[in-house]
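Here's the structure, in structure tokens; my notes come after.
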Amino acid sequence: MPYLHLFKKEDILSLVRIRRYETKLGERVQTVLSGAQFRDAIADSDADFVVLGIPEDIGVKANEGVGGTNTAWNAFLQSFLNIQSNDFLDGREILMAGYFDFSSLVDVIEINAFNYEEKIDAYRHAVNTIDDTVEQYIHEITQQKKIPIIIGGGHNNAYPCIKGAAKGWYKAGIIDLPQINVVNLDAHADYRAMEGRHSGNAFRYAEEDGYLEKYCILGLHENYISQNIWMDIVNNPFIDCITYEDIFLHEKRSFQQALAHAAAFTEGGLCGIELDVDAIENTLSSAGSPSGISPIHARQYLNFMAWNTRPAYLHICEAATRMEDGRQSNTTGKLLSYLVSDFVKAMLAQF
Ligand SMILES: N=CN[C@@H](CCC(=O)O)C(=O)O
């Protein structure tokens, strides 16, 4: 398994701005003991949450999008590890496991692909390697009854999260079939055709392969759903969707009512919690938008889902601090760290 880099305590501490009379989360989080195998490290840790980074934009490029989603992970780490450790969140409950480095795949593609079509094909092929790799680790974590928190990366990684969690929670005896439900707060359905793996079709592949049972999309933008996929969604009793326009423009239901509806739809099984940052207004991401939910809506969503579903995993994706077209943002990392800490606090309040 050459793609995963496990954190040592000193890796984490090197990112913490140590200050007298204060304790930061990075000084409290758990790391993998030196030389330990991943499986043993997870088993030996009493942390309830395992954080993994997938700093890649291969899936976005495979979807013909602009690269840059590989930049959010480091910014998240810098912010998250410098949160104050206090009565609200100590940090010991979290194992900072490590991150995947798939840059060798990119190098091979960029050197060898002959033209644009060949490049897209090669990127789609590379996503299969990411899928297989990520799935194994999510499987290991959930089999040990711990909740993976995955910071992407493109939304392609929903597929290995769903597949790995379905298999792992099943092996752990928590669910009767290797199948989970998912709620996804997203401007897009990511239910595109099975045309080769990319960031726009994770949920289609997960459903076709039998790992995704019920799927609820919250905040879908009417302008970015193709008619054929819309028909697939409305004709599928296992998929439900509340558009952004129905909540914020037509005011058919409030945001809170939409959250409650999504939680009720996915009731009865474990539920993967997905947040695509492109749903958040003016936030740098692969498909960022001037119209969308605000950061507090995203925080309310994660808090609500932590309280009102049985989370199988948390996956936050598509964020960036620097896009390949030159756009930059220095607030992405802090936003991601608010989101993760909100989810963890809400879960811990129930343990
Ligand atoms: N994960 C995002 N998927 C979107 C991207 C849209 C865009 O790049 O504008 C999709 O495939 O529809």
Side-chain angles (χ1 to χ4, degrees), residues 54-73 102 116 119-121 123-124 126-128 130-131 134 150-162 182-208 212 215-234 239 241 243-245 272-293 298 301 314-320 322-327 329 332 336 339:
I54 319 181
E56 62 80 34
D57 58 6
I58 294 171
V60 170
K61 288 180 175 169
N63 195 16
E64 306 189 48
V66 182
T69 54
N70 54 329
T71 58
W73 167 245
F102 294 111
Y116 182 75
K119 205 176 259 192
I120 296 296
D121 278 352
Y123 273 115
R124 288 181 182 183
V127 176
N128 294 318
I130 299 176
D131 287 347
V134 172
I150 306 103
I151 307 298
H155 218 157
N156 43 295
N157 296 308
Y159 175 73
C161 288
I162 295 167
V182 166
V183 287
N184 179 25
L185 180 56
D186 196 336
H188 311 93
D190 290 339
Y191 196 63
R192 286 179 187 272
M194 297 174 79
E195 56 190 358
R197 286 283 294 115
H198 57 63
S199 64
N201 59 20
F203 300 100
R204 173 83 70 171
Y205 275 84
E207 193 204 32
E208 287 287 330
L212 174 60
Y215 176 39
C216 189
I217 312 146
L218 280 175
L220 180 77
H221 288 205
E222 287 176 2
N223 287 3
Y224 294 97
I225 181 80
S226 65
Q227 179 61 19
N228 62 329
I229 297 176
W230 177 247
M231 293 315 293
D232 288 348
I233 290 174
V234 295
I239 305 185
C241 149
T243 64
Y244 176 86
E245 285 74 15
I273 312 297
E274 295 276 345
L275 173 61
D276 188 323
V277 165
D278 70 21
I280 308 173
E281 193 167 278
N282 295 324
T283 300
L284 197 63
S285 70
S286 66
S289 176
S291 177
I293 62 164
Y301 164 72
L314 169 65
H315 178 212
I316 304 179
C317 60
E318 299 275 343
R322 203 176 51 260
M323 300 298 291
E324 276 188 358
D325 59 14
R327 284 172 293 155
S329 165
T332 308
L336 296 180
L339 295 167

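Atoms within each ligand, like the ligands themselves, are counted from 1 in listed order.
Below 4.0 Å from some heavy atom of G200 lie the following atoms of ligand 1, by number and element: 11 (O). Listed by atom number, the atoms of ligand 1 under 4.0 Å from D276 heavy atoms are 1 (N). Residue-ligand proximity, H155 to ligand 1, at heavy-atom distances under 4.0 Å covers atoms 1 (N).
In terms of protein heavy atoms, atom 6 (C) of ligand 1 is closest to H188 NE2, 3.7 Å. In this structure, the protein non-hydrogen atom closest to atom 5 (C) of ligand 1 is N63 ND2, 3.9 Å. Of all protein heavy atoms, the one lying nearest to atom 7 (C) of ligand 1 is A287 CB, 3.6 Å. The single protein non-hydrogen atom nearest to atom 3 (N) of ligand 1 is D190 OD1, 2.9 Å, given as residue, atom name and distance.
Counting heavy atoms under 4.0 Å from ligand 1, residue V60 does not touch it at all. Contacts between H198 and ligand 1, counted as non-hydrogen atom pairs separated by less than 4.0 Å, are absent for every part of the residue.
Under the 3.5 Å distance criterion, with hydrogens and angles disregarded, a donor-acceptor pair is assigned to the side chains of D190 and H155. Side chains of E64 and Y116: a donor-acceptor N/O pair is present below 3.5 angstrom, by distance only. A donor atom on one side chain and an acceptor atom on the other are not found under 3.5 Å apart for T69 and D57.
Aromatic ring centres of Y191 and F203: separated by at least 6.0 Å.
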Check your understanding: What do the steps show when you test E245 against N223 for side-chain hydrogen bond (donor to acceptor under 3.5 Å, both in side chains), and what is the final call?
Key -> CA-CA 10 Å; E245 285 74 15; N223 287 3; 5.7 Å; no

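At least one heavy atom of S199 sits less than 4.0 Å from an atom of ligand 1.
Ring planes of H221 and Y244: tilted class, angle from 30 to 60°.
Taking only nitrogen or oxygen atoms, main chain and side chain alike, S286 does not reach within less than 3.5 Å of ligand 1. For a threshold of 3.5 Å applied to N or O pairs, the pair formed by R192 and ligand 1 contains at least one separation below that value.
Residues L275 and H315 are not in side-chain contact: their nearest non-hydrogen atoms beyond the backbone lie 4.5 Å or more apart.
The closest donor-acceptor contact from the side chain of D276 to the backbone of D278 lies under 3.5 Å.
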